[in-house]
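Let me begin by presenting the structure, written as C-alpha cells, before commenting on it.
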Amino acid sequence: MNYNALDKILSHKKAVFFDMDGVIYDSMGAHADAWSKAFLHFGIDFPPEMVYYNEGRTAHSTINLVFQATEEREATDNEVESIYSKKTQLIELHPDAVPFKGVIDLMNYLKTNGYVIWVVTGSSQDKYLEALLRDFDGYVSAERIISGKDVKNGKPHPEPYLTALLKSGLSAHEVIVIENAPLGIESAKGAGIYTLAVNTGILADQVLWDAGADVVIKDLNLLVY
Ligand code: CA
C-alpha cells in the first residue's frame, strides 16, 4: 500500500473527522432517489441533482428550503412530517448501504498509527448510526460520533464540526475532515479545519473547490492503495 499522499496531509495532525453518507457509505444515490420521489409524491419537483447540492442539511432544513423555493413559505410541521416519513419509507426499498471500498483499510491505517477517528454526520436515524457502529466495530465508537441529534444548526453551519472539536478536545489545526458535499465542506471550513473532499457524487469537482475544499480527489482509494 502507498500512504505517501495521506502521510503528507496528516503530518502534525492527531485526528480525522469523517462525514458519513457519500464518504464512508455509498448511500447518496439511494438518498437522492428517495428525496426526489418523496417530494414528487407531494407534487413538488426536486431533482436528484438538487439533493446532491443540498446534501448534509438536516431533513427539516431540506424540506423548508424546498418549500421556500417552490411555495415561498416555510413547510408546516405536518408537511415536514409527511414528506420525511415518505422519504424514510422510500429509502427502505433500496438495499442497505454498503461501505465504500478502502474505508476499513484507511481506518485501520489511521488507528494503527495513533490517529483518532470521529464521524460527523447530519443523519440522526438510529438505524444508520447503529449500522455504522456494527460495520466499523473497533474503529468507530458511539462517544466519537456527532449526529444530527447533537446539534441545533446542521451543515453548512460550522456547529457540527465545532462540536466535534469541543468534545474531542482537539484544535482545528490538529484535525482533517473528509467530506464529499459542498455544504459539508463549508461547515468544516467554517470550523477552520483542513478539508479533503472526495467527489463520490454527480457534481463537478469545481463545486467542491468553490465550497472551499483544500484538495479534491475522486476516490479514497487513491490515498489507500
Ligand atoms: Ca456526505
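Starting from 1, each residue takes its place in the sequence as its number. Keep in mind it's a predicted model, so treat the numbers as computed, not measured.
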To the nearest 0.5 Å, how far apart are [atom1] in [X] and [atom2] in [Y]?
X	Y	atom1	atom2	result
Lys37	His41	NZ	NE2	13.0 Å
Thr112	Met107	OG1	CE	13.0 Å
Thr195	Glu186	OG1	CD	11.0 Å
Phe136	Lys111	CZ	NZ	13.5 Å
Lys127	Leu129	NZ	CG	12.0 Å
Lys149	Thr58	NZ	OG1	14.0 Å

Whether the side chain of [X] engages the backbone of [Y] through a donor-acceptor N/O pair (distance < 3.5 Å, no angle test) should be reported.
X	Y	value
Ser187	Leu183	no
Ser61	Arg57	no
Asn108	Ile104	no
Glu174	Ser171	yes
Lys14	Gly114	no
Asp33	Gly29	no

Inset, instruction - Go through the steps for Arg73 and Gln68 under the test side chain to side chain contact (heavy atoms under 4.5 Å, CB included), then give the verdict. - result: CA-CA 5 Å; Arg73 64 172 176 86; Gln68 271 155 355; over 6 Å; no
Inset, instruction - Tell me, yes or no, whether the heavy-atom count around Gln206 atom CD, taken from other residues, nucleotides or ligands under 6.0 Å, exceeds 12. - result: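 It does: Gln206 CD has more than 12 such atoms within range.
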Inset, instruction - Decide if atom CG of Asp77 counts as having more than 12 heavy atoms of other residues, nucleotides or ligands within a radius under 6.0 Å. - result: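 Not more than 12 within 6.0 Å, no.
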Inset, instruction - Test Lys218 against every option in Asp205, Thr200, Val198 by the side-chain contact (heavy atoms from CB on, under 4.5 Å) rule and name the one that passes. - result: Asp205
Could [X] and [Y] be called an ion pair, given the rule that one side-chain N must be under 4.0 Å from one carboxylate O?
X	Y	value
Glu81	Lys86	no
Asp219	Lys101	no
Glu179	Lys189	no
Lys13	Asp7	no

With the side chain counted from C-beta on, respond yes when [X] and [Y] share a heavy-atom pair under 4.5 Å apart, and no when they do not.
X	Y	answer
Leu208	Pro182	yes
Thr62	Glu55	no
Leu6	Tyr109	yes
Val177	Val16	no
Ile44	Phe67	yes
Thr121	Ile146	no
Tyr194	Val175	no

Inset, instruction - Give the C-alpha distance, both sets of side-chain angles, the deciding distance and a yes or no for side chain to side chain donor-acceptor pair (under 3.5 Å) between Asp21 and Ser27. - result: CA-CA 6 Å; Asp21 289 299; Ser27 49; 2.5 Å; yes
Considering all heavy atoms, the nearest [X]-[Y] contact:
X	Y	result
Val151	Pro160	CG1-CA, 3.7 Å
Val51	Ser36	CG2-N, 4.4 Å
Tyr161	Ala191	CB-CB, 3.7 Å
Ser123	Ser147	O-CB, 3.3 Å
Ala197	Ile185	CB-CD1, 3.8 Å
Ile63	Ala75	CG2-CB, 3.9 Å

Legend entry - Donor-acceptor side-chain pairing of Thr76 and Glu79 below 3.5 angstrom: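 Yes, a side-chain donor-acceptor pair sits under 3.5 Å.
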Inset, instruction - Examine the side chains of His157 and Lys152 and answer whether a donor and an acceptor come within less than 3.5 Å of each other. - result: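 Side chains of His157 and Lys152: no pair found under 3.5 Å.
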Inset, instruction - Evaluate side chain to side chain contact (heavy atoms under 4.5 Å, CB included) for Asp19 paired with Ile178, printing each intermediate quantity in order. - result: CA-CA 6 Å; Asp19 168 52; Ile178 305 181; over 6 Å; no
Quick check: is [Y] connected to [X] through a chain of hydrophobic side chains (ILVMFWY, heavy atoms under 4.5 Å apart)?
X	Y	answer
Phe100	Phe18	yes
Leu222	Val215	yes
Trp118	Leu106	no
Ile83	Leu65	no
Leu196	Tyr139	yes

Inset, instruction - Any chance you could lay out the side chain to side chain contact (heavy atoms under 4.5 Å, CB included) test for Thr70 and Phe46, step after step, and finish with the verdict? - result: CA-CA 10 Å; Thr70 58; Phe46 190 60; over 6 Å; no
Legend entry - Asn180 and Asn199: CA distance, side-chain angles, deciding distance, side chain to side chain contact (heavy atoms under 4.5 Å, CB included) verdict: CA-CA 5 Å; Asn180 72 306; Asn199 192 1; over 6 Å; no
